[in-house]
Number of protein chains: 2
Amino acid sequence: MKTADQVLVKQINKMIVLNTIYKKRPISRAEIAKVTGLNKSTVSALVDELLTEELVLEMGTGESQGGRKPVNLSINKEVGNIIGIDLGVNYILSIMTNFAGEIIWEKRIDLQHTHNSPGQRIADLQTLIQETIENASQTVRGIIGIGIGVPGIVNYEQGLILSAPNLGWENIELRSIIEQKFGVPVFIDNEANAGAIGEKWFGAGKRADEFLYISAGTGIGAGIIINNELYRGSRGLAGEIGHMTVSLDGIPCSCGNTGCLEEYSSEKALFRYMKEHICVEELTIFNIIDNAIAGDDVSRRAFEYVGKYLGIGVANLINAFNPQLVIIGNSLPLAGDILMDELRKEAGKRCFASKYFSVKILPSQLNMHACAMGAAALVISRLYASPVS
Amino acid sequence: MKTADQVLVKQINKMIVLNTIYKKRPISRAEIAKVTGLNKSTVSALVDELLTEELVLEMGTGESQGGRKPVNLSINKEVGNIIGIDLGVNYILSIMTNFAGEIIWEKRIDLQHTHNSPGQRIADLQTLIQETIENASQTVRGIIGIGIGVPGIVNYEQGLILSAPNLGWENIELRSIIEQKFGVPVFIDNEANAGAIGEKWFGAGKRADEFLYISAGTGIGAGIIINNELYRGSRGLAGEIGHMTVSLDGIPCSCGNTGCLEEYSSEKALFRYMKEHICVEELTIFNIIDNAIAGDDVSRRAFEYVGKYLGIGVANLINAFNPQLVIIGNSLPLAGDILMDELRKEAGKRCFASKYFSVKILPSQLNMHACAMGAAALVISRLYASPVS
DNA sequence: ACAATAGTTTGTTTGTTCGATAAACTAATT
DNA sequence: AATTAGTTTATCGAACAAACAAACTATTGT
């Protein structure tokens, strides 16, 4: 029960102005007033503050509309650098972006499963972050913060990893570890949540108020955007759809149940399908994708199999959430239409809403960068929420 | 992109004050200031307005806390009457409540399936509403509005019933029909959504920010409360979970697919179970419930069967939404623990979150009144949102 | 050709309104 | 006398409308 006052009013309007500049840059004060409905003088005052905070820049003038030329306003991309980390199961991807979310440096390191003790992995992470920082550009405020997407259960508020089974991690206070080491604010979120935010800020979800981001990789997870914001659920566990039952007496799952979605439509399922169809080679997910695209029959059918079941899971979620859009991300959609066609077909058939209107199902626009860019957006969004910091 | 101004500030704070009085009545101005954090003088001013609008009453004084006695404030229950309608498949329930949501009159009429032409049914509805109005008490503003819960797809903004297959209705402009006839504001919503709002305002969901209301009757639907508000989805179809796939190659459904939840855990499924187990009698749902409670073996096992599968559906939703609470409503939970025990067992097994904390699964507190009371709350909540009307 | 001028658009300044707040007050009670 | 409840008064700060200044285009007249 948060009461309202003038501080709140100003915060909201300032955020609206900054957001408008971010989305429609270059834009003049007059135009901001027009599209937001705020008074000209109000816009002027708020823009002045944003200018002194160096979040916004005046960049020359635009074309005259029959009178005085408008002054172009733009985001100051060089206020600071943001680091976004995708902490994968067998890789770490680190990107450095400017304030506009443009990637200015990145590096991916691949890790063997062999040395996955938490300590070693965190050391690798710290080394990579250090290297990223050393490649920062000259900016007003330096490194603004670090966002990290993790494949596991996370307490976002406390920056705590409760459990990341695929990493073999339990109760790691990752935020305080990284904050102490680098002295900047750190934000930890689930990998699928980060992916959803990435697509919301920079990808296929920019214009959708409500959408689902399905991370289909080693496991299956969903990031849920409701009312333009990430929905985390009452305890931060929303979107844990890997163990959705889709087949009552289906394949037994490591969780003790049968017929979990993850057993039918993840990398795990794909590998099993390959193995069952007499494919003895040791292949990576990327090998199978390449083979499928090149026309290999078994690989294609593996993706069709996985796509069909993923379509069932997606249909179940569409029925429950009624989103405008579903984005399929992580590794599996790299197979393109081989996966997506089958997925769309099955989802369309089983989706109740499709009788009334069609739900768009798109592959990720950011591909393997979604999680890291979303992690960076976790940091950037803080600047937007409270420009005065 | 809604901008903020002082009007918004006042609206928010006034609503907070009114809500605080509603929830904690009797309460003094000083106490309101304490619990909300608003300034004493602000509270005084807002309360004064609420008093002149007759939404609030001064009702004597409370015990002294060592100084001047506090003046007790309370909701003015007699500002007006609200009508809530549950438009069932074979019944119509009409309730009349005061401003506090207390039922002061109600009537349920049972209808035969035989004459379910939309015209006849709407005539029956209008007659019942008329009778309800005639039983209104003396109030300041008379009938404030009518809320109607409908088993079908509804466009809430336009008050339009797009489709109600169980009623045989398509594209009925129910709001304008009823508004024209009775000359008061009318709100139409889906039956499960109304049930969820009912439980939120008056039932088991009062204290939960995020919960799911599962309406388990003729069909299966869900009302979703997120952030203390009903979530309707991008096109008002959120919660249409009847055709969630729970068994890949399961029972064929009227929708053309196989393994839909509704085929396993609705009244329909219960009746089928009874028939398959050599029960030739023509029974109503209430007969089966009574028999089950009385100890009849087949009836009990029918509820256990349905409960188990409903548990799977509930687990899938918990995994996706991570609510604090799930409320099971409509007819099936009238069987009590016979249904609920099996449901909880299965949901607990298949619910990913249960490894981290337990989700409460409760039967409806309002039982068959949830929908009608929620429909009334649709009207009442409008008074709260904009006290000046 | 070109200066004068009218009209338009952009952005700033000024004065007003309105809501929340703090502080000083009155009122009522132990 | 001390304490609690509620009101009054003065102040602050936000958005806003209106008036203004600045910068530009278009039109007109010579």
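In what follows, chains carry the letters A, B, and so on, assigned in the order in which the sequence lines appear, proteins first and then strands, with residues in each chain numbered from 1. Just so you know, these numbers come straight off a predicted model, no measurement behind them.
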* To do: Heavy atoms under 4.0 Å is the rule here; annotate nucleotides 2-7 of chain C 5' to 3' with B where the base is hit, S where only the sugar-phosphate is, and - elsewhere.
  => -----B
* Find the distance A:Leu73:CG to C:dT12:P and express it as a whole number of Å. => 9 Å
* Asked: How long is the line joining CD of A:Glu58 and C1' of C:dT10, in whole Å?
  -> 12 Å
* Distance in angstrom units between A:Lys14 NZ and D:dG13 P, rounded -> 15 Å
* To do: With sequence neighbours excluded, give me every ring-ring contact (aromatic ring centres under 6.0 Å, His included) pair touching residues 47-84 of chain A.
  => none
* Structure fact -> Between A:Val9 and A:Ser64, whichever has its closest DNA chain D nucleotide further toward 5' is A:Val9
* Asked: Is the base of D:dA23 touched by the side chain of A:Arg68 through a donor-acceptor pair closer than 3.5 angstrom?
  -> no
* To do: May I have the distance from A:Gln6 (atom CD) to C:dA22 (atom C1'), rounded to whole angstrom?
  => 14 Å
* Asked: In chain order, what residues pass the ring pair (Phe, Tyr, Trp, His ring centres under 6.0 Å) check against B:Tyr22, with sequence neighbours excluded?
  -> B:Trp201, B:Tyr384
* Rounded off to whole Å, could you give me the CG-to-C1' distance for the B:Leu8 and C:dA20 pair? => 14 Å
* **Pairs satisfying ring-ring contact (aromatic ring centres under 6.0 Å, His included), at least one member in residues 51-71 of chain B, at least two apart** => none
* To do: Applying ring pair (Phe, Tyr, Trp, His ring centres under 6.0 Å), name anything that partners B:Phe321, two or more places apart in sequence or on another chain.
  => A:Phe321
* Asked: So which pairs with a foot in residues 199-209 of chain A pass salt bridge (charged side-chain N to carboxylate O under 4.0 Å, His left out), sequence neighbours left out?
  -> none
* Asked: Where along residues 33-46 of chain B does a heavy atom come under 4.0 Å from DNA chain C, residue by residue in number order?
  -> B:Leu38, B:Asn39, B:Ser41, B:Thr42
* Taking 4.0 angstrom as the limit, do A:Arg232 and A:Glu157 come out as a salt bridge? -> no
* Can you list every salt bridge (charged side-chain N to carboxylate O under 4.0 Å, His left out) pair that touches residues 31-42 of chain B, not counting sequence neighbours? -> none
* **Set of side-chain contact (heavy atoms from CB on, under 4.5 Å) partners for B:Lys10, sequence neighbours left out** => B:Leu46, B:Glu49
